[in-house]
Number of protein chains: 2
Amino acid sequence: MTDVSPLARPFPALPAISGVTPRVARAHYKTWDRCDLTYVELSEGTTVAGVFTRNVCCSTEVEMGRESAALGKARALVVNAGNSNAFTGFRGREAVEQICDQVAAHLGCTPSDVFVSSTGVIGVPLPKDKAREGVAAALAAEPCSWETAAETIGTTDTFAKGATSSAMIGGTKVQLAGIIKGSGMIAPDMATMLGYIFTDAAIAPALLQQMLSAANKRSFSCITVDSDTSTSDTVLVFATGKAGNVPLVSMDDPGADAFQAALDDICLQLAHLVVRDGEGAQKFIEIEVTGAVSDASARKIGLSVANSPLVKTAIAGEDANWGRVVMAVGKAGEPADRDKLAIRFADKWVAQAGLAVDSYDEAPITAHLKGQDIRIGVDLGLGEGRATVWTCDLTHGYISINADYRS
Amino acid sequence: MTDVSPLARPFPALPAISGVTPRVARAHYKTWDRCDLTYVELSEGTTVAGVFTRNVCCSTEVEMGRESAALGKARALVVNAGNSNAFTGFRGREAVEQICDQVAAHLGCTPSDVFVSSTGVIGVPLPKDKAREGVAAALAAEPCSWETAAETIGTTDTFAKGATSSAMIGGTKVQLAGIIKGSGMIAPDMATMLGYIFTDAAIAPALLQQMLSAANKRSFSCITVDSDTSTSDTVLVFATGKAGNVPLVSMDDPGADAFQAALDDICLQLAHLVVRDGEGAQKFIEIEVTGAVSDASARKIGLSVANSPLVKTAIAGEDANWGRVVMAVGKAGEPADRDKLAIRFADKWVAQAGLAVDSYDEAPITAHLKGQDIRIGVDLGLGEGRATVWTCDLTHGYISINADYRS
């Protein structure tokens with residue numbers, strides 16, 4: 001296990017969500033001394049929405065999860081850690097179907113009510129016997145804490161990640177609790193990593209999907225660790241309806257805006273935690289792009305900066321090398337005018353109108369770069385488009401972790 | 001100075017090109033003990049063609065070079081090392097205009113006959129006084145060897161890079177000599193880095209441009225070190241016409257095919273040398289993509305693999321983690337069918353039809369990965385599109401060089 005990320009956050013106090021019961025067990029997917037199978041039971045009537053990787057070489061879990069999420073109902077979630085089961089063909093599919101069948105038989109539901117995720121090494125079929133025994137052990141296990149569940153879904157993660165938020169729907173308070181894992185192969189394209197959000201709110205599946213897609217666009221789709229889009233990325237929201245609110249079916253319903261805000265909030269918290277556990281990360285970097293021709297253009301420019309190895313290594317080196325930001329803006333393939341471009345670190349503009357500011361003083365920039373939380377601003381001077389994206393620096397730690405991952 | 005790349009090649013014997021005279025001098029752009037200004041004089045009647053970065057934040061040198069190349073004639077080339085003069089606004093432009101004027105006055109030509117390139121740190125205007133004295137010193141210097149010129153255009157390069165080729169046009173032998181520099185911020189988009197090719201052939205500028213664009217597509221546009229596209233990338237070909245061949249004006253002329261082949265050859269040699277001097281490179285990686293829906297699609301998929309930090313770190317770690325190749329194919333945004341995809345290392349297929357081959361034996365793959373020259377094959381199984389791209393691995397050396405570049 002690597003050392004805990006210097007950007008780690010303590011696991012917060014998460015509320016119990018009525019209708020949601022997590023359990024963990026040891027499936028021994030790898031020769032490690034830890035739980036590696038998480039099972040979350042959901043009460044009858046739970047609705048679900050999901051966003052998934054757009055990597056065309058996605059795993060069976062993603063394919064089946066996408067189909068099942070479209071049906072809108074859920075009874076259980078199973079998460080395997082240590083083996084992604086991606087690119088394993090029919091053998092991998094058989095293992096996932098076996099898990100769905102086993103859980104469905106136990107709960108008396110249909111297999112499509114069971115959602116399975118797996119992360120870890122690509123190309124090794126999930127061993128069916130280990131999965132069967134692991135699921136059986138989890139079904140018989142005592143309920144566990146959110147923190148234990150968050151630890152158990154992790155792989156190269158260095159700390160357990162969770163978040164909570166709440167909203168009032170009519171006169172009813174609804175709660176949200178979420179857990180998530182990273183922490184390499186993170187460049188969400190529509191969705192990212194494995195993230196699970198549970199709420200006791202009652203929400204129709206179509207609306208839940210609409211809300212999750214909107215929240216995802218402003219959170220998971222705006223982070224990157226290493227520009228590599230995983231084959232297994234999945235974010236699911238489960239709504240048990242146990243809070244007893246009048247069920248939400250449209251954005252016009254009272255309380256829908258409040259729930260959207262709470263969902264946005266928890267998604268952003270979880271997304272930030274993934275960046276904070278980016279492989280080898282020493283610095284948390286926020287890149288705010290303004291003045292682009294559109295929000296979509298701003299996001300592409302932001303991600304071009306966030307994915308630039310030269311920008312990321314400069315931040316790692318605490319080097320105010322803003323020219324690399326200029327380069328990354330210019331290579332994004334989006335409208336930009338060199339002579340209108342402005343760059344800032346924290347709140348200090350270092351370059352404006354195509355060249356360094358006259359009074360450029362590097363001292364306050366360098367002081368800012370010595371901190372853990374780095375803020376870069378890019379103003380295109382072209383329009384009203386804006387986006388904020390988040391990433392971490394690129395360090396020797398990333399190389400060490402990834403040049404030696406499988407062995 | 002970093003250690004010489006383990007992938008370095010000795011500087012080859014390059015022929016003198018009639019009508020081409022290189023000289024070098026010290027402009028003292030940085031506090032270093034080396035020549036950092038290269039001046040190449042070209043005989044009257046020299047034609048020129050160029051390809052340039054598509055980074056929209058390109059340098060003044062690139063802007064002016066693009067305009068001058070369109071005029072098709074050249075008398076001199078000046079290359080500054082240690083300062084890219086990019087993103088320096090009107091101050092940077094004044095410095096380049098001064099250089100062009102100074103050389104034009106000396107040669108009695110127009111300023112647009114003088115081509116200037118600069119690489120190094122972005123955002124610091126090229127100091128005009130140093131440039132003036134450096135150019136004056138170079139104009140008065142003794143002619144130098146190709147190797148000295150190749151050394152002098154370098155910045156973070158660890159070895160001097162040059163190549164040669166030749167062709168028969170009618171009964172006349174024409175020769176080509178080229179020098180090039182890298183070695184970070186290398187992800188050519190139309191052109192790359194600073195590369196200069198000199199030939200004594202007589203070729204009309206429009207045809208020369210057409211030939212260079214074609215050669216570029218198969219060479220410089222198919223390499224990447226770190227996915228970061230420079231603001232200064234430039235490749236120029238100068239043809240003095242001193243060989244005395246019947247001037248080529250169209251691809252239908254006798255000898256045009258032979259010259260295209262010689263130009264392709266020298267461009268590919270130079271492109272490979274840049275990869276071999278990629279920052280921190282320990283391995284030279286060739287990625288051959290076949291079975292794509294088009295050649296363009298194959299190139300995009302190849303570059304997605306070549307730019308993946310997880311693929312590059314796996315190769316650095318000599319780890320046969322082919323699942324990362326699958327991931328990188330899947331994230332490319334190009335047509336791919338997971339269940340038709342096949343991956344090989346060297347000539348050994350490791351995965352076919354969407355899963356590991358039955359008889360998969362990692363031993364020969366691991367042996368291949370211990371070598372310096374790594375070959376990866378990707379077959380999409382969809383069509384006839386193919387491309388080959390080249391890159392290097394991502395190592396601690398890259399982090400060390402780039403986290404500490406400016407200081």
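Chain identifiers are assigned alphabetically (A, B, ...) following the order of the sequence lines, protein sequences preceding nucleic acid strands; residue numbering begins at 1 within each chain.
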Query raised in the report: Judged by modelled atom types alone, do B:Thr155 and B:Lys181 share a side-chain donor-acceptor pair under 3.5 Å?
Result: yes
Query - Step-by-step salt bridge (charged side-chain N to carboxylate O under 4.0 Å, His left out) determination, A:Lys370 to A:Asp319 - result: CA-CA 9 Å; A:Lys370 290 199 184 302; A:Asp319 176 5; over 6 Å; no
Requested in this report: Dump the intermediate steps for salt bridge (charged side-chain N to carboxylate O under 4.0 Å, His left out) on A:Arg338 and B:Glu63, then the final yes or no.
Outcome: CA-CA 12 Å; A:Arg338 183 190 62 193; B:Glu63 279 185 335; 3.1 Å; yes
Heavy-atom distance under 4.5 Å to chain B: side chain of [X], backbone, both or neither?
X: A:Thr88; value: backbone
X: A:Thr395; value: backbone
X: A:Ile315; value: neither

Query raised in the report: Do B:Asn85 side-chain atoms and B:Leu126 backbone N/O form a donor-acceptor pair below 3.5 Å?
Result: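 Checked: pair present.
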Query raised in the report: So, the side chain of B:Asn83 versus the backbone of B:Val124: is there a donor-acceptor pair under 3.5 Å, distance only?
Result: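 Yes; at least one donor-acceptor contact below 3.5 Å.
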**Report entry** Best-contacting candidate, A:Leu341, A:Asp393, A:Val350, A:Val329, against chain B by heavy atom pairs under 4.5 angstrom
**Finding:**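 Maximum pair count with chain B is reached by A:Leu341.
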Query raised in the report: Do you know which of A:Asp339, A:Asp337, A:Leu394 has the most heavy-atom pairs with chain B at a distance under 4.5 angstrom?
Result: A:Leu394
Query raised in the report: Relative to chain A, which of B:Ala353, B:Ser84, B:Gly354 shows the most heavy atom pairs under 4.5 Å?
Result: B:Gly354
**Report entry** Heavy-atom pair count under 4.5 Å with chain A, highest-scoring of B:Ser308, B:Ala314, B:Ala86
**Finding:**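 Result: the option with the highest number of such pairs is B:Ser308.
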Query raised in the report: For the ring pair B:Trp349 and B:Tyr360, is the centre-to-centre distance below 6.0 Å?
Result: no
